[in-house]
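Below you'll find the structure, written out as structure tokens, and then a few comments.
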Amino acid sequence: MTNMAEDLKASLVKDAAPSPSGAPSAEDRRRTDRQRSPREQKKRTANIVIYGVLVVLVVALMVPFIWMLSSSLKENNQVLTVPIQWIPQEFVWSNYTDIWTRIPMMGYLQNSLYLAVIITCLQVLTGSLAAYGFSKVRFPGRDVLFLAYIGTIAVPWQAYMVPQYIMMQNLGLTNSFNALILLQAFGAFGVFLMRQYYMTIPDELCEAARIDGLSEYGIWARVILPLSKPALASLALLTFVNTWNDYMGPFIYLTSNRLWTVQLGLRSFVGQFDAEYAMIMTGSVISVIPILIIFLIGQRYFIQGIATSGMKG
């Protein structure tokens, strides 16, 4: 009995004593595990809460789209029912075939695509050129001019909407795509976005290119642009989406039905006393598909460009 007590005591002393090699003893390891466990538990709980909040936000953002998709497969009298019928009693797939004959949907899509592509290309071109001048070229009053230009973002479009229309009317550009292209080919936001990204590119690259004899346009085209794919993709995607979804611009300047965009075309289903909500939702779903495809293609560059554009100011 005495030998068993002595052996147990010796074992406890051995566990408590530090090891010759300096490694933590068993008791130290148990103490560390007990201290680490509450921290890990709190971290795990925090992660669960964060992911839960994100899931709730994603579901909340998806609810309008799910309702739009569900409504596009219903009859008109079933769209605005209370409570909402998320799953139609009968799927009306014919809505997706009838809309092409009810209105010139293909023409509207072509007009929207034409405007979106042209305006996107021009904004990327002008925005990247101006941003290069504001970030890599030194000239008197550069920063003041940049701040004044960026300050125009704060001016609401409604403040200069009427003067713009009068100018376009005097130039004879109303009821044509040229008015929208000319007005939207330049954007202060695009210049700001590209400049913030260009500021992350070392100036030494531009100085080395100047020593090698490249002009400023050559530096922009051969040095800066190849390094700016994420920012260019971000600007292109944002401009494309804004132009595609624009309603007021085409509504003001385009009066001919053959020039209408898809956003104006969906107005055809709104009558004086009633509206065909099912057809409106069907057209809305169709109009979302090009934007979804563009975003999926450029998603990686878009996220990278947005994440890095604000790293240096």
Side-chain angles (χ1 to χ4, degrees), residues 47-117 120 180 236-252 254-300 302-303 306:
N47 290 335
I48 293 174
V49 172
I50 292 173
Y51 284 118
V53 172
L54 291 177
V55 169
V56 172
L57 292 176
V58 169
V59 172
L61 292 174
M62 289 297 295
V63 164
F65 180 78
I66 295 173
W67 180 77
M68 180 179 68
L69 183 62
S70 174
S71 300
S72 68
L73 297 172
K74 297 178 181 178
E75 297 287 351
N76 285 324
N77 57 2
Q78 298 177 352
V79 174
L80 301 179
T81 56
V82 179
I84 298 175
Q85 295 180 356
W86 294 102
I87 301 177
Q89 296 178 353
E90 182 180 355
F91 291 90
V92 185
W93 298 102
S94 60
N95 288 341
Y96 284 91
T97 57
D98 294 342
I99 192 172
W100 302 97
T101 58
R102 296 284 304 278
I103 60 174
M105 189 68 179
M106 182 58 69
Y108 297 153
L109 290 173
Q110 290 175 351
N111 293 337
S112 295
L113 184 62
Y114 174 79
L115 283 174
V117 171
T120 298
L180 294 172
L237 180 59
L238 292 173
T239 305
F240 186 92
V241 171
N242 289 334
T243 306
W244 183 274
N245 291 331
D246 185 22
Y247 177 82
M248 288 302 299
F251 178 73
I252 292 173
L254 303 179
T255 58
S256 176
N257 182 275
R258 64 181 180 83
L259 299 177
W260 282 3
T261 61
V262 65
Q263 309 303 333
L264 290 180
L266 295 179
R267 193 184 60 173
S268 303
F269 295 112
V270 180
Q272 183 176 2
F273 302 104
D274 197 7
E276 298 183 61
Y277 295 106
M279 283 296 177
I280 293 175
M281 297 303 162
T282 302
S284 299
V285 172
I286 295 175
S287 68
V288 168
I289 294 176
I291 297 177
L292 183 61
I293 294 174
I294 294 296
F295 180 78
L296 291 177
I297 293 174
Q299 178 184 9
R300 179 168 62 92
F302 174 72
I303 296 174
I306 293 297

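Computation of the quantities below employed the complete heavy-atom set of this structure, encompassing side-chain atoms and omitting hydrogens, waters and symmetry-equivalent molecules.
The line from CD1 of Ile291 to CG of Leu296 is 12.0 Å long, rounded to the nearest 0.5 Å. Within the model, atoms CD1 of Ile289 and CD1 of Ile294 stand 13.0 Å from one another, a figure rounded to the nearest 0.5 Å. In this structure, Phe65 CZ and Ser70 OG are separated by 11.5 Å, a value rounded to the nearest 0.5 Å. The CD1 atom of Ile103 sits 12.0 Å away from the CZ atom of Arg267 when rounded to the nearest 0.5 Å. The distance from atom OG of Ser284 to atom OH of Tyr277, rounded to the nearest 0.5 Å, is 12.5 Å. In this structure, CD on Glu75 lies 11.0 Å from CD on Glu276, to the nearest 0.5 angstrom.
Of the possible donor and acceptor atoms, one in the side chain of Thr97 sits under 3.5 Å from a partner among the backbone N and O of Ser94. Although no hydrogens or angles enter the test, the distance criterion places no donor-acceptor pair under 3.5 Å between the side chain of Ser71 and the main chain of Met281. A donor-acceptor contact shorter than 3.5 Å links the side chain of Asn76 to the backbone of Ala278. Thr101 places a side-chain N or O within donor-acceptor distance of the main-chain N or O of Asp98, the cut-off being under 3.5 Å. Of the possible donor and acceptor atoms, one in the side chain of Trp244 sits under 3.5 Å from a partner among the backbone N and O of Ser287. Formation of a donor-acceptor pair under 3.5 Å by the Thr261 side chain with backbone atoms of Asn111 is not found in this model.
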Query raised in the report: Checking side-chain contact (heavy atoms from CB on, under 4.5 Å) for the pair Ile286/Leu109: CA distance, chi angles, key distance, verdict?
Result: CA-CA 9 Å; Ile286 295 175; Leu109 290 173; 4.2 Å; yes
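Taking the side chain as every heavy atom from C-beta outward, Met68 and Val285 approach each other to under 4.5 Å. Looking at Ile99 and Phe269, their side chains come closer than 4.5 Å, going by heavy atoms from C-beta outward. Here the side chains of Val92 and Lys74 are not in contact, with every heavy-atom distance at 4.5 Å or above. At a threshold of 4.5 Å between non-hydrogen side-chain atoms, the residues Val63 and Trp86 count as touching. Counting heavy atoms from C-beta outward, Leu180 and Leu254 have side chains that approach closer than 4.5 Å.
Nearest heavy-atom pair across Ser268 and Trp260 is OG-CZ3, 3.9 Å. When all heavy atoms of Ile280 and Ala275 are compared, the pair lying nearest together is CD1-CB, 4.4 Å.
Within 6.0 Å of the OH atom in Tyr96, the count of heavy atoms belonging to other residues, nucleotides or ligands exceeds 12. Summarising the local packing, CD1 of Ile87 is surrounded by 12 or fewer heavy atoms from other residues, nucleotides or ligands at distances under 6.0 Å.
One side chain, Tyr108 or Asn257, offers a donor N or O that lies under 3.5 Å from an acceptor on the other.
Screening Leu113, Leu115, Thr120 for a side chain to side chain contact (heavy atoms under 4.5 Å, CB included) with Val117, the sole residue that qualifies is Leu113.
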